[in-house]
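Everything on this sheet refers to the single structure shown next.
Basis for what follows: all heavy atoms, side chains included, without hydrogens, waters or symmetry-related copies. Every chain is numbered from 1, with letters handed out A, B, ... down the list of sequences.
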Protein chains: 2
Amino acid sequence: MPVDLQRFFPYRIARLADAVSRATAQVYAERFDLSRDEWRVLAALAELGEVRTSALMEHSTLDKMQVSRAVTRLAGAGLVLRSPDPADGRGYLQRLTPAGRAMHRRIVPMVRAREAFLLDALSPDQRAALDAALDAVHERARVLLGDG
Amino acid sequence: MPVDLQRFFPYRIARLADAVSRATAQVYAERFDLSRDEWRVLAALAELGEVRTSALMEHSTLDKMQVSRAVTRLAGAGLVLRSPDPADGRGYLQRLTPAGRAMHRRIVPMVRAREAFLLDALSPDQRAALDAALDAVHERARVLLGDG
DNA sequence: TATTGTTATACTCTATAACTATA
DNA sequence: TATAGTTATAGAGTATAACAATA
């Protein structure tokens, strides 16, 4: 018996994530010329303040190369400042510049508005249920992938 | 005020889809050496029988180039057979070979088992709610993207 | 000897458009 | 003149490993 692709969960979630991702990227990519990775690093730094690369990796689900490249490009654009980590000579601390914070402040209301538009399709109850379901399924996926 | 990236919906859904996608790809990619696009075309042909390229495009959410390449590779591997469309000399009809059907029959129980494992984290009610919520949010995303 | 982070390289994907053949 | 599908090509993203510096 064939798989009904249209109802197959991995297919549906992939298509949804793609649509949501493109809808969000319209803001940070088209209007602010940031890649997805750069946007994630920008958002992570806005939350975390001044942190080491390893903290950025964890917080953005990016690997060290992706973080390295994103930070290099953001630094080149004057949005991020990096300095040697006094506690570990191999590493760096990175933080937003005033320009980086300013850009973040401009992007946030726009992406939040899009997020709100997406989720306003749901009642508060539905929203809480979706929240819990996504977490539960993600947990299962981690088991299948063997990482926690 | 910063975005809490960990709770930001587009980020969460992207991470979940990535995890689910990798968990599913472990089956069709590692064990059967298919790309995601090839798997989608295989699944679509198993459902649809003998169809034109345009039907594959719609059913798999792939564009004509992606379908063209996937079909070419599947045909080279003896899994798909293509023949000229008698009703339209520009197009082709493609269908699975016995080998293609056999591979599909082997893959389906495995990916279904993974899907079931993911969704068994939810009660039937939760599952129905998730279903409806994903459709509703997807509909909103389509509005943002301006395609329906 | 292990870890942090960069650089190099190769590979896969994606996006665009040019092109052939047919409608 | 428009459409179905292929081919070409360039750009972006991804994955692996080699590497330098420090722990």
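- When every heavy atom of B/Leu45 is checked against every heavy atom of B/Gln94, the shortest pair comes out as CD2-O, 3.4 Å.
- Separating the CG atom of B/Leu56 from the P atom of D/dG5 is a distance of 9 Å, rounded to the nearest angstrom.
- Note on B/Val111: it does not cluster hydrophobically with B/Leu118, by side-chain heavy-atom contacts below 4.5 Å among ILVMFWY residues.
- Taking every heavy atom of residues 66-84 of chain A and every atom of DNA chain C, pairs under 4.0 Å involve A/Ser68, A/Arg69, A/Arg82, by number.
- Residue pairs that meet the ring pair (Phe, Tyr, Trp, His ring centres under 6.0 Å) test with at least one member in residues 37-76 of chain A, sequence neighbours left out, are A/Tyr28-A/Trp39.
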For this session: Treat primed atoms plus P, OP1 and OP2 as sugar-phosphate and everything else as base, then score nucleotides 18-23 of chain C 5' to 3': B for base contact with protein heavy atoms under 4.0 Å, S for sugar-phosphate contact only, - for none.
Result: ---BBS
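- The hydrophobic cluster containing A/Val137 does not contain B/Tyr11, counting ILVMFWY residues as joined when their side-chain heavy atoms lie under 4.5 angstrom apart, directly or transitively.
- Note: the hydrophobic cluster containing A/Phe8 also contains B/Met110 (ILVMFWY, side chain heavy atoms under 4.5 Å, direct or indirect links).
- For the pair B/Asp63 and B/Arg69, the salt-bridge criterion is not met [side-chain N within less than 4.0 Å of a carboxylate O].
- Overall, the helix from C/dT1-D/dA23 to C/dA23-D/dT1 carries an axis bend of 10° between its ends, with five pairs at each end and the value rounded to 10°.
- Among all heavy-atom pairs drawn from A/Glu115 and B/Phe9, the shortest one is OE2-N, 2.9 Å.
- Residue A/Asp63 contributes atom CG, which lies 17 Å from atom P of C/dT3 at whole-angstrom precision.
- Non-hydrogen atoms lying under 4.0 Å from DNA chain C are contributed by nothing in residues 26-48 of chain A.
- Hydrophobic clustering (side-chain heavy atoms under 4.5 Å, transitive across Ile, Leu, Val, Met, Phe, Trp, Tyr) groups B/Leu5 together with A/Val108.
- To the nearest angstrom, C1' of D/dA12 lies 15 Å from CG of A/Leu62.
- Cluster membership check: B/Val3 shares its hydrophobic cluster with A/Leu74, using side-chain heavy-atom separations under 4.5 Å among Ile, Leu, Val, Met, Phe, Trp and Tyr.
- Side chains of B/Arg31 and B/Gln26: a donor-acceptor N/O pair is absent below 3.5 angstrom, by distance only.
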For this session: Start with the C-alpha gap between A/Leu93 and A/Glu50, add the side-chain angles, then the distance that decides, and say whether side-chain contact (heavy atoms from CB on, under 4.5 Å) holds.
Result: CA-CA 6 Å; A/Leu93 295 176; A/Glu50 181 161 48; 3.7 Å; yes
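- Atom CE in A/Met65 sits roughly 10 Å away from atom C1' in C/dA8 (whole-Å rounding).
- Taking both residues in full, the closest heavy atoms of A/Arg40 and A/Thr61 are given as NH1-O, 3.9 Å, listed atom of the first, atom of the second, then distance.
- Within the structure, the ring pair (Phe, Tyr, Trp, His ring centres under 6.0 Å) test picks out no pair touching residues 75-123 of chain A (sequence neighbours left out).
- Counting to the nearest Å, the P atom of C/dT3 and the CE atom of A/Met57 are 13 Å from each other.
- Phosphate proximity of C/dT4 to A/Thr53: absent, as no side-chain N or O sits under 4.0 Å from OP1 or OP2.
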